[in-house]
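Okay, so here's the structure we're looking at.
Only this structure's heavy atoms are used, side chains among them; waters, hydrogens and symmetry mates stay out. In the text below, chain A, chain B and the rest are named by the order of the sequence lines, each starting its count at 1.
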Amino acid sequence: MSTRQPRFNQQVLLDTTPLPDSVPKVTEIGASSAPLLSASFFIGARCGPYNDDYMKCKEDAHGRGEIDCMKEGRKVTRCAASVLDDINKNCLEEFRKHWQCLENNNQQLWHCRRPEQLLNKCVFDKLGLEKKIPGAPENETPVHLRKRQIFSHNFSSIREDEPQT
Amino acid sequence: MAQDLPPVGGYEPIQYKRNLPARGFRPSYYLAAMGIIMTYGLYRTGQGNREQNELAREKMWSRIHLIPMLQAEEDRDLVRRHWADKAREKELMGAELKVYHSDRFVRPTYSISPSSVTKE
């Protein structure tokens, strides 16, 4: 069929041409998966409207979203960066403990309820962002607030005898 | 010669039934115990399933919250490469050529390999 031989190479090919100056610069997030997972619900709490806006724009753009929705995309990135920045400034210790716990536990949230609750509390007190899982049944305790996690190999997320700080 | 006759009072009854003591409890007790164990087990399984559903929901939403951000970053990078490609093409070919008969953004299948490898 094809007469042209495919050419493979083993080097990493980088195109380092920057975006033109007409596009405003935005600093990329640069966080790895565990901190992002740890901060995801706070990003969702603050940046929900921006996120929805961006996804809507992409849907309405009919395949041209990559170029047409760059403005919305920058807003999304800036908002997420602001959340991470605020968490880093106000709750660095709790944040670190939680995402390191996630790193050590296969990034499964239910093994790390205790650091998570400390982080949630700190973020709620200082930034006013609350973790909420949309669509969860209303007559039950949300899964991240339960005292006992059935699938956790850590004894319990929050021990009864311990004062909940 | 005297004839063989049954003993006085007749023969003793022949034991044809097995005479083994029945071990353990009555079968109905075992049935009931199994019922209790099964009910408890299924109850715990149900609890676990419900919790698993909630955990799945949590995981799903944590990703939903992150997707726009990751997508935005990816798109910016793609557009940057796309524009760089177009500029390179214009420089080499003298005109902007359209490969596809549509305005849509097409994720590139091929990438050009530069003659000299860029160091990061």
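The NZ atom of B/K59 sits 10.0 Å away from the CD atom of A/Q107 when rounded to the nearest 0.5 Å. Rounding to the nearest 0.5 Å gives a distance of 11.0 Å between CD1 of A/I150 and CZ of B/R50.
No continuous path of hydrophobic side-chain contacts links A/L102 to A/W110 [ILVMFWY only; heavy atoms under 4.5 Å]. A/I29 is connected to A/L129 through a chain of hydrophobic side-chain contacts under 4.5 Å among Ile, Leu, Val, Met, Phe, Trp and Tyr, so both are in one cluster. Follow the hydrophobic side-chain contacts under 4.5 Å out from A/L36 and you reach A/L119 in the same cluster. A/I43 and A/F95 fall within a single hydrophobic cluster, where Ile, Leu, Val, Met, Phe, Trp and Tyr are joined by side-chain heavy atoms under 4.5 Å apart, directly or via other members. Each of A/W99 and A/L37 belongs to its own hydrophobic cluster when Ile, Leu, Val, Met, Phe, Trp and Tyr are linked at side-chain heavy-atom distances under 4.5 angstrom.
Within the 4.5 angstrom heavy-atom criterion, only side-chain atoms of A/L109, from C-beta onward, approach chain B. With a 4.5 angstrom heavy-atom cutoff, A/E66 touches chain B via backbone and side-chain atoms both. Proximity to chain A (any heavy atom under 4.5 Å) is shown, for B/R107, by neither the backbone nor the side chain. Heavy atoms closer than 4.5 Å to chain B are found in the side chain of A/E140, but not in its backbone. Contacts between B/R63 and chain A at a heavy-atom distance below 4.5 Å are absent for every atom of the residue. Heavy atoms of A/K75 lying under 4.5 Å from chain B are absent altogether. When heavy atoms are compared at a cutoff of 4.5 Å, A/P142 does not approach chain B at all. Heavy atoms of A/Y54 lying under 4.5 Å from chain B belong exclusively to its side chain. If you measure heavy-atom distances from A/A136 to chain B, the contacts under 4.5 Å come from both the backbone and the side chain. If you measure heavy-atom distances from B/W83 to chain A, the contacts under 4.5 Å come from the side chain alone.
Heavy-atom neighbours of A/D125 CG from other residues, nucleotides or ligands within 6.0 Å: above the threshold of 12. Environment of OH in A/Y50: sparse, with no more than 12 heavy atoms of neighbouring residues, nucleotides or ligands closer than 6.0 Å. The environment of B/L5 atom CG is dense: over 12 non-hydrogen atoms of other residues, nucleotides or ligands sit within 6.0 angstrom. The number of heavy-atom neighbours closer than 6.0 Å to CD of A/E93, taken from other residues, nucleotides and ligands shown, is 12 or below.
For residues 66-81 of chain B, heavy-atom neighbours of chain A at less than 4.5 Å comprise B/L66, B/I67, B/P68, B/M69, B/L70, B/Q71, B/A72, B/E73, B/D75, B/R76, B/V79, B/R80, B/R81, sorted by residue number.
In terms of non-hydrogen atom pairs under 4.5 Å with chain A, the most contact-rich of B/D103, B/V106, B/D85 is B/D103. Looking only at heavy-atom pairs under 4.5 Å with chain B, the residue among A/V23, A/V76, A/I133 that has the most is A/I133. Contact count against chain B (heavy-atom pairs under 4.5 Å) is highest for A/P134 among A/G135, A/C69, A/P134. Note on A/G63, A/A61, A/A45, A/C79: by heavy-atom pairs under 4.5 Å with chain B, the leading option is A/G63. Note on A/H62, A/M70, A/Q108, A/E72: by heavy-atom pairs under 4.5 Å with chain B, the leading option is A/M70. Chain A forms the most heavy-atom pairs under 4.5 Å with one residue out of B/Q52, B/M60, B/R44, B/R88, and that residue is B/Q52. The choice from A/K58, A/R74, A/H144 that makes the most heavy-atom pairs within less than 4.5 Å of chain B is A/K58. Here A/G44 is the residue among A/G73, A/G44, A/A39 with the most heavy-atom pairs under 4.5 Å with chain B. Among the candidates B/S102, B/S62, B/A87, B/A84, the residue making the largest number of heavy-atom pairs closer than 4.5 Å to chain A is B/S62.
Here the shortest heavy-atom pairing between B/R57 and A/P137 reads NH2-CD, 3.6 Å.
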Take B/L55 and A/Q149, measure what side chain to side chain contact (heavy atoms under 4.5 Å, CB included) needs, and give me the verdict at the end. CA-CA 10 Å; B/L55 291 170; A/Q149 301 284 319; 4.2 Å; yes
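Ion pairing between B/E58 and A/R113 holds under the 4.0 Å rule for side-chain N and carboxylate O. Using a cutoff of 4.0 Å between basic side-chain nitrogens and carboxylate oxygens, A/R146 and B/E51 are scored as salt-bridged.
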